[in-house]
Amino acid sequence: MKIDLNSDMGEGFGPYRLCDDEAMMKIVSSANIACGFHGGDPDTMGRMVRLAKQNGVGIGAHPGLPDRLGFGRREIPFQADELRQQMLYQLGALMAIARSERVTVSHFSFHAAMGNMVNRDPVLADLMMDAIATVDANLVVFVTADSEIQQAAKRARLKTLALFLADRAYDASGKLVARGLPGAVIKGEAAVRARVRKFLVDGTVETIDGAVIAMPARSILVHSDTPGALDLAGIVRGEIEATGATLAPAAELAD
């Protein structure tokens, strides 16, 4: 089995960094690069693109809301077309930087609140996916299985790749437990290792209340701002290799 391992990266700005991006880039197969709104800046974006190119890592756009202080995790009541333009602005910036390095952006992954807003509004989801398809119909969209974004991407004839978040808890309906609630972020090495092994072997995950549900995903995400993210990513990669699976970037696995 081939599987993608990805991380949200370049989410610092100026001299400030959330994790060791250089080391993380040697572990993952795809990188979701912050595009300057919730995190990142032009210099950081360029550095991430060059690191991805050096390590053979797939390059993805990771746009969020213009909210550095809240790290893009606070919802802001923008109009639908405002959100569309914000997304396109960020995607276009990363595409230009990537092209200048003679590489291409291969995938797309919403960040935090922007993704939550799109995922619960089918009209907004269609607006966003149609815009992406117009810019580049070959982009792979990272999704949660059976979500509004996945359905809208399919209607726009975009390829998708479903994510499993190794460091986040799920509820019985398969939705992420809201950050801030007890147990929402999985930090322990043993817990992450067990969750990843269960996902790889059985295609399932244990929910926060102890139920076991199917997890139809082909990509595992580790957030770079999770405490100990680099170690967690190494654990996940070790489990992937221990089960006989091999790493592949998102563009090779999407459907």
Side-chain angles (χ1 to χ4, degrees), residues 1-36 38-64 90-91 93-111 136 138-142 159 161-167 192-193 196 200 217-254:
M1 179 176 71
K2 291 184 177 181
I3 193 158
D4 174 54
L5 172 58
N6 76 93
S7 183
D8 302 337
M9 302 181 67
E11 292 185 307
F13 55 91
Y16 305 105
R17 302 186 185 184
L18 290 184
C19 79
D20 187 341
D21 290 309
E22 287 79 1
M24 183 70 85
M25 203 71 82
K26 297 182 183 299
I27 297 173
V28 299
S29 51
S30 295
N32 315 320
I33 299 174
C35 298
H38 75 280
D41 57 41
D43 183 65
T44 301
M45 292 163 69
R47 183 167 58 88
M48 291 298 101
V49 166
R50 289 190 290 271
L51 281 172
K53 180 180 179 180
Q54 292 166 13
N55 290 278
V57 170
I59 296 168
H62 192 49
Q90 295 174 79
L91 174 59
L94 185 64
M95 291 177 76
I97 290 172
R99 182 172 293 181
S100 76
E101 298 293 337
R102 294 179 172 79
V103 290
T104 60
V105 175
S106 61
H107 68 271
F108 178 100
S109 178
F110 283 113
H111 174 73
D136 185 351
N138 294 314
L139 282 175
V140 175
V141 180
F142 279 177
K159 292 183 178 180
L161 190 65
L163 287 168
F164 167 55
L165 279 64
D167 52 3
V192 171
R193 188 183 299 278
V196 172
L200 292 169
R218 294 290 303 280
S219 182
I220 302 176
L221 169 65
V222 176
H223 288 96
S224 65
D225 66 304
T226 297
L230 190 61
D231 290 337
L232 291 180
I235 290 168
V236 172
R237 178 160 177 161
E239 288 299 314
I240 290 172
E241 293 170 346
T243 59
T246 58
L247 287 180
E252 292 185 20
L253 303 176

Handout entry: Smallest separation among heavy atoms of Ile97 and Gly46, with atom names
Key = CG2-CA, 3.7 Å
Practice task
Using side-chain contact (heavy atoms from CB on, under 4.5 Å) as the criterion, list what pairs up with Leu18, not counting sequence neighbours.
Solution key: Glu11, Phe71, Asp225
Practice task
Go through the structure and list residues passing side-chain contact (heavy atoms from CB on, under 4.5 Å) with Asp231, not counting sequence neighbours.
Solution key: none
Problem - Partner set under salt bridge (Lys or Arg N to Asp or Glu O under 4.0 Å) for Glu22, not counting sequence neighbours - result: Arg17, Arg47
Practice task
Look up atom CD1 in Ile59 and atom CG in Asn32, then write down how far apart they are to the nearest 0.5 Å.
Solution key: 11.5 Å
Handout entry: pair Ile235-Val196: side-chain heavy atoms closer than 4.5 Å
Key = no
Practice task
Please say whether more than 12 non-hydrogen atoms of neighbouring residues, nucleotides or ligands are located less than 6.0 Å from NZ in Lys159.
Solution key: no
Handout entry: Which residues share a side-chain contact (heavy atoms from CB on, under 4.5 Å) with Arg237, sequence neighbours left out
Key = Leu5, Ile27, Glu241, Leu247
Handout entry: Distance-minimising heavy-atom pair for Asp41 and Gly14
Key = OD2-N, 2.6 Å
Practice task
Identify the heavy atoms of Ala248 and Leu253 that sit nearest to each other, and give their distance.
Solution key: O-CD1, 3.8 Å
Fill in the blank from the handout: Taken in chain and number order and not counting sequence neighbours, the residues that satisfy side-chain hydrogen bond (donor to acceptor under 3.5 Å, both in side chains) with Ser7 are none
Fill in the blank from the handout: Output for pair (His62 NE2, Ser224 OG), nearest 0.5 Å, gives 8.0 Å
Exercise for the section: Would you sort out whether Ile33 and Leu94 count as a side chain to side chain contact (heavy atoms under 4.5 Å, CB included), showing the intermediate values? Expected result: CA-CA 8 Å; Ile33 299 174; Leu94 185 64; 4.1 Å; yes
Handout entry: Inter-residue atom distance Asp8.CG - Leu221.CG, 0.5 Å rounding
Key = 5.0 Å
Practice task
Can you tell me which residue pairs pass the salt bridge (charged side-chain N to carboxylate O under 4.0 Å, His left out) test with a partner in residues 98-109, sequence neighbours excluded?
Solution key: Arg50-Glu101
Exercise for the section: Could you please spell out the steps behind the side chain to side chain contact (heavy atoms under 4.5 Å, CB included) verdict for Leu200 and Met1? Expected result: CA-CA 9 Å; Leu200 292 169; Met1 179 176 71; 3.8 Å; yes
Problem - Side-chain heavy atoms of His223 within contact of Leu165, under 4.5 Å - result: yes
Practice task
Could you check Val28 against Val222 for side chain to side chain contact (heavy atoms under 4.5 Å, CB included), going step by step and ending with a plain yes or no?
Solution key: CA-CA 9 Å; Val28 299; Val222 176; over 6 Å; no
Exercise for the section: Under the side-chain hydrogen bond (donor to acceptor under 3.5 Å, both in side chains) rule, collect the residues that match up with Arg218, sequence neighbours excluded. Expected result: none
Practice task
Can you run down the ring pair (Phe, Tyr, Trp, His ring centres under 6.0 Å) pairs that involve residues 10-30, sequence neighbours left out, and say none if there aren't any?
Solution key: Phe13-Tyr16
Handout entry: Gly10 versus Ala34, closest heavy-atom pair with distance
Key = O-CB, 3.5 Å
Fill in the blank from the handout: Those residues at least two apart in sequence (or on a different chain) that pass side-chain hydrogen bond (donor to acceptor under 3.5 Å, both in side chains) with Glu239 are Arg193, Arg197
Problem - Gap separating the CE atom of Met48 from the SG atom of Cys35, nearest 0.5 angstrom - result: 12.5 Å
Fill in the blank from the handout: Tightest non-hydrogen contact, residues Met9 and Ala31, listed as SD-CB, 3.7 Å
Handout entry: Point-to-point distance, once rounded to the nearest 0.5 Å, from OG1 of Thr44 to CG of Asp21
Key = 8.0 Å
Practice task
Could you pull out all residues at least two apart from Ser219 that satisfy side-chain hydrogen bond (donor to acceptor under 3.5 Å, both in side chains)?
Solution key: Asp4, Asn6
Practice task
Identify, with sequence neighbours excluded, every residue that meets side-chain contact (heavy atoms from CB on, under 4.5 Å) alongside Thr104.
Solution key: none
Exercise for the section: Take the angle between the ring planes of His38 and His111 and call it parallel below 30°, perpendicular above 60°, tilted in between. Expected result: parallel
Exercise for the section: State which residues pass ring pair (Phe, Tyr, Trp, His ring centres under 6.0 Å) with His107; sequence neighbours excluded, sorted by chain then number. Expected result: Phe142
Fill in the blank from the handout: For Ala233 and Met24, the nearest pair of non-hydrogen atoms, with its separation, is CB-SD, 3.5 Å
Completion exercise
OG (Ser30) and CG (Leu163) are apart, to the nearest 0.5 Å, by 9.5 Å
